[in-house]
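Structure record follows, encoded as C-alpha cells.
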Amino acid sequence: MPPKPKFTKEELIKVALELAREGGIDSVVARNLGKKLNTAPSTIFTHFDSVEEIRKAVVEASRKLYNAYVEEGLRMVPPLKGFGVQYIRFAMEEPNLYSVLFMQKRDDYKYLDFIVDEGHYEKVISETEETFQLNRQQAELVYQNLWAYAHGIAVMSATGVCAFSLE
C-alpha cells in the first residue's frame with residue numbers, strides 16, 4: 001500500500017495558485033511546489049500526473065477567482081460598465097493571474113471566440129440590450145468594443161506600463 005500523501009489535492013492547487021500569483025504560471029514547477037509544501041518535488045505527483053495538469057488546475061482556479069470579480073461587476077448599474085470595471089480591477093489586483101487567463105498566446109482563438117468563451121457573454125449582452133434599449137446586434141457591438149477597450153487598459157495595468165486608479 002502506498003504511503004498516505006502529506007497534502008490534499010486542494011492544498012496542492014492552493015499552493016500552485018499562490019506560486020502563479022507571485023511569479024506567473026512558469027513558476028509552477030515541481031521544485032517550487034515541493035519547496036512550498038516542504039516535501040520532495042516527486043511527491044506532488046501523488047495527485048497529478050504532470051506539471052501541465054497542475055497548471056490546468058491553476059487556470060481553472062484563476063478563472064473561478066476572475067468569475068467572482070465579474071459577477072460582482074454584473075451586479076453594478078449599469079452591468080456593462082460594472083463588467084468592464086471589474087475586468088480591469090482583476091488585472092490590477094491579480095496581474096499574474098490575469099496574464100495566465102488573458103495574455104497567453106493561443107493560435108486556435110479568434111477575437112469573438114475569446115470573449116464568448118469567457119462565460120459571461122450572454123448575460124452581458126442581454127443586460128446591455130435591456131439597459132440601453134438596443135437590439136442584439138447593437139448590444140454585441142457595444143460589448144465587443146467595451147471588451148477591447150477594457151482589455152487594453154487591463155493589459156497596461158497588469159504589465160505595469162501604466163498605473164490607473166479605479167476612478
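Hydrogens, waters and symmetry mates play no part in the numbers below; they use all other heavy atoms, side chains included. Note that the structure is predicted; figures quoted are calculated from it, not measured.
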Which residues pass the side-chain contact (heavy atoms from CB on, under 4.5 Å) test with Pro41, not counting sequence neighbours? Ala30
Within the 4.5 Å heavy-atom criterion, are Thr159 and Pro95 side-chain neighbours or not? no
Check: Asn67 main-chain N/O paired with Glu71 side-chain donor or acceptor under 3.5 Å: no
Just so I know, are the side chains of Lys9 and Phe48 near enough to count as touching, which here means a heavy-atom distance under 4.5 Å? yes
Val155 vs Phe102 side-chain heavy atoms within contact, under 4.5 Å: no
Joint hydrophobic cluster, Phe164 plus Val161, side-chain heavy atoms closer than 4.5 Å: yes
Please evaluate residues Glu60 and Lys56 with respect to the criterion salt bridge (charged side-chain N to carboxylate O under 4.0 Å, His left out), reporting the C-alpha separation (whole Å), side-chain torsions for both, the decisive distance (0.1 Å), and the verdict. CA-CA 6 Å; Glu60 184 57 35; Lys56 285 180 183 178; over 6 Å; no
Taking Val70 as the starting point, is it possible to reach Met76 by hopping between hydrophobic residues whose side chains are less than 4.5 Å apart? no
Test of understanding: with side-chain contact (heavy atoms from CB on, under 4.5 Å), list the residues that count as partners of Asp26, not counting sequence neighbours. Arg55
Interatomic spacing from CZ in Phe83 to CG in Leu146 - rounded to 0.5 Å: 7.0 Å
Going hydrophobic residue to hydrophobic residue with side-chain gaps under 4.5 angstrom, can you get from Val29 over to Val58? no
How close do Ala61 and Ile13 get, heavy atom to heavy atom, and via which atoms? CB-CG2, 4.2 Å
Per the side chain to side chain contact (heavy atoms under 4.5 Å, CB included) rule, which among Leu97, Ile54, Leu17, Leu101 passes with Val59? Leu101
Could you go step by step and tell me if Glu93 and Tyr69 meet the side-chain hydrogen bond (donor to acceptor under 3.5 Å, both in side chains) rule? CA-CA 11 Å; Glu93 294 177 1; Tyr69 276 76; 2.6 Å; yes
Taking the basic N atoms (NZ, or NE/NH1/NH2) and the acidic carboxylate oxygens, is any pair closer than 4.0 Å for Glu10 and Lys14? no
So, taking the atom named CD in Gln86 and the one named CD1 in Ile88, what distance separates them when rounded to the nearest 0.5 Å? 10.0 Å
Beyond-backbone contact of Tyr87 with His151, side-chain heavy atoms, under 4.5 angstrom: yes
Going hydrophobic residue to hydrophobic residue with side-chain gaps under 4.5 angstrom, can you get from Leu141 over to Val124? no
Glu11/Lys6 salt bridge by N-O under 4.0 Å criterion: no
If we only count heavy atoms from C-beta on, is the Arg89 to Glu72 side-chain gap below 4.5 Å? yes
Quick one, Tyr98 and Ser157 - any side-chain contact, counting heavy atoms below 4.5 Å? no
Considering non-hydrogen atoms only, spot the tightest contact between Thr131 and Pro78 and give its length. CG2-CB, 3.8 Å
Gln138 side chain near Glu129 side chain, heavy-atom distance below 4.5 Å: no
Salt bridge check, Glu22 against Lys36: does any charged N sit closer than 4.0 Å to a carboxylate O? yes
Any side-chain heavy atom of Leu80 within less than 4.5 Å of one from Tyr143? yes
Heavy-atom closest pair, residues Met103 and Ala158: SD-CB, 4.3 Å
